[in-house]
There are 2 protein chains.
Amino acid sequence: MKVLVVEDDQYHARYLLDVLADALPEVSEIVHAADGAAGEAEAEAMCATAVVMDLQMEKRNGIEAARAIWARRPATRILFWSNYSDEAYLRGISRIVPEDSAYGYVLKTASRERLKLALRAVLVEGQIMVDREIHRLQRRTASPRHALDDSEYAVLVDLALGLQDKQIAIRQSLSLRTVQNRLLSLYEKLGVEADPDDPADVTTPRNKRVWALSRAFVTGTLNVATVQSAERDYQRRGRTRR
Amino acid sequence: MKVLVVEDDQYHARYLLDVLADALPEVSEIVHAADGAAGEAEAEAMCATAVVMDLQMEKRNGIEAARAIWARRPATRILFWSNYSDEAYLRGISRIVPEDSAYGYVLKTASRERLKLALRAVLVEGQIMVDREIHRLQRRTASPRHALDDSEYAVLVDLALGLQDKQIAIRQSLSLRTVQNRLLSLYEKLGVEADPDDPADVTTPRNKRVWALSRAFVTGTLNVATVQSAERDYQRRGRTRR
DNA sequence: AATTCTGTTGCGGGTTCCCGCAACTGGACT
DNA sequence: AGTCCAGTTGCGGGAACCCGCAACAGAATT
């Protein structure tokens with residue numbers, strides 16, 4: 001069995017290689033790639049069936065790399081290993097994971113034992129394994145209170161690009177007023193609303209649009225990697241076409 | 001000599017303690033704190049004269065912790081050790097470093113040798129030492145092209161809070177129109193401007209306000225920690241007073 | 001079939017935003 | 001003094017934004 005490790009932090013990579021050798025004696029070959037692009041190329045070159053993938057990397061983040069790998073070989077087993085229990089990352093992953101393929105998500109704060117367990121469960125046994133911490137986040141995301149449904153999320157991303165309501169409406173094939181309704185529920189769910197007890201908030205209310213974006217970043221609903229991807233996507237799709 | 005290490009990533013902390021013991025044999029006591037708040041308390045308790053500080057930590061970030069420590073003991077020598085060459089962090093640091101106190105900034109990507117060198121230079125010799133990578137950023141920040149002048153930065157932070165022009169004007173003691181001028185230069189420096197070749201950008205231009213905020217996050221001019229601090233500050237100052 | 005609910009859409013108005021134009025200030029250089 | 005220049009401020013208008021109100025459709029419930 002051949003395992004590919006994609007991780008740009010040298011200390012984490014060393015630790016990971018160590019645990020990997022320890023936990024999975026049946027591994028015949030371990031390759032280490034130091035960024036997403038290299039990981040993609042290496043996965044193709046070595047025909048990796050199992051990958052351990054960091055999410056936050058300089059050149060090309062783990063989600064984009066995983067999507068590319070899965071596009072070629074949907075059966076590849078990928079264990080994501082990350083610092084952050086970031087909603088934006090989670091949303092990104094659940095969006096790209098193919099049907100019937102094994103994957104996992106372990107936080108870097110997990111113990112060595114739990115990491116070993118996850119490595120075996122996902123890479124060898126082909127199970128799905130998600131860190132309990134993450135799973136809690138997934139619950140919360142699915143709960144009605146602060147949940148962002150997919151269409152709301154799409155509007156949020158367009159908002160982050162700075163698009164105005166009309167353009168969002170066109171891109172999402174909705175009417176202007178509907179987009180504005182989505183924005184209203186976004187504001188509510190992100191906790192963007194004037195405090196009735198604060199006179200300043202009432203007389204000159206805050207700009208909800210930027211406030212919402214700000215809160216989306218702070219709460220981890222949105223992150224920089226997501227926005228960058230969206231921007232690239234917009235440059236390609238939104239402008240050359242149409 | 002007593003050294004305090006404030007670092008919440010266990011692997012990095014272990015590595016750091018190892019290098020520290022190796023590089024500085026004259027150290028009599030090494031204490032490790034796992035987050036900013038604990039670091040602050042520990043610095044006070046052990047009368048630390050030298051600190052190695054991570055920037056990005058869960059509970060309380062390194063900048064706030066450093067400010068608290070320096071407020072009590074301005075002579076404390078602090079070496080910041082961080083993953084990111086983030087403009088927002090750099091700006092935060094240069095804002096709080098006292099006159100005549102030693103500090104340093106080393107990236108986690110630096111070699112073991114360079115880290116040892118920095119440890120000795122800052123903690124023992126009391127020099128100022130900034131990673132070349134960071135220094136380049138500082139240059140760029142100081143260069144006229146993309147530089148954000150302090151007052152512009154203040155306006156950017158207020159914008160991130162969602163304040164409208166009028167309120168920013170009040171907080172900064174400026175006229176409305178001047179704030180708008182600051183915003184104009186912000187837009188320019190953050191690269192927020194319609195592309196004349198793109199018909200979509202011309203007919204329905206993007207919302208500059210949110211676009212600028214978005215770019216500020218992507219370029220690292222602003223980060224989540226900064227916005228959170230600003231929000232706390234606003235809740236306290238902007239509303240109870242006035 | 002009647003009804004409630006949820007999501008979508010149009011309309012209209014009050015507000016903020018973006019920014020061109022013009023005037024004024026204070027400092028720097030000739 | 002004269003002149004230039006960068007920074008600040010007022011004015012005004014067109015566009016976008018926020019959102020209450022109301023109508024309508026389809027799905028679910030009774």
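Below, chain A is the first sequence line, B the second, and so on; all start at residue 1.
Atom-to-atom, CD1 of Ile168(B) to P of dT9(D) comes out at 14 Å; the value is rounded to the nearest Å. Distance Ile170(A) CD1 to dT9(C) P: 13 Å, rounded to the nearest Å. Whole-Å rounding puts the Gln172(B) CD to dT9(D) C1' distance at 17 Å. Atom pair Leu213(B):CG and dC17(C):C1' shows a separation of 16 Å (rounding to whole Å applied).
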Exercise. Which parts of nucleotides 13-26 of chain D does protein reach within less than 4.0 Å, heavy atoms only, written one letter per nucleotide 5' to 3' as B for base, S for sugar-phosphate only and - for none?
Worked result: ---SSBBBB-----
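Residues forming a side chain to side chain contact (heavy atoms under 4.5 Å, CB included) with Val218(B) (at least two apart in sequence, or on another chain): Val224(A), Val227(A), Gln228(A). Scanning for side-chain hydrogen bond (donor to acceptor under 3.5 Å, both in side chains) contacts around Thr221(A) gives Thr219(A), with sequence neighbours left out. Applying the side-chain hydrogen bond (donor to acceptor under 3.5 Å, both in side chains) criterion to Asn83(B), with sequence neighbours excluded, gives no partner residue. When the side-chain hydrogen bond (donor to acceptor under 3.5 Å, both in side chains) test is applied to Asn181(A), the partners found at least two apart in sequence or on another chain are Arg177(A).
For Ser175(B) and dT8(D), the shortest distance from a side-chain N or O to OP1 or OP2 is not below 4.0 Å. For the pair Arg182(B) and dT8(D), the criterion of a side-chain N or O lying under 4.0 Å from OP1 or OP2 is met.
With hydrogens and angles ignored, the 3.5 Å screen pairs no side-chain donor or acceptor of Trp70(A) with any backbone N or O of Ile96(A).
The pair Lys59(B)-Asp8(B) does not meet the salt-bridge criterion, since no charged nitrogen lies less than 4.0 angstrom from a carboxylate oxygen. Salt bridge annotation for Arg182(B)-Asp158(B): absent, with no cationic side-chain nitrogen under 4.0 angstrom from a carboxylate oxygen.
With the end axes of the helix from dT4(C)-dA27(D) to dT30(C)-dA1(D) each set by five pairs, the angle from one to the other reads 30° at 10° resolution.
At a cut-off of 3.5 Å, with distance as the only test, a side-chain donor of Thr178(A) or Ser175(A) sits close to an acceptor on the other residue.
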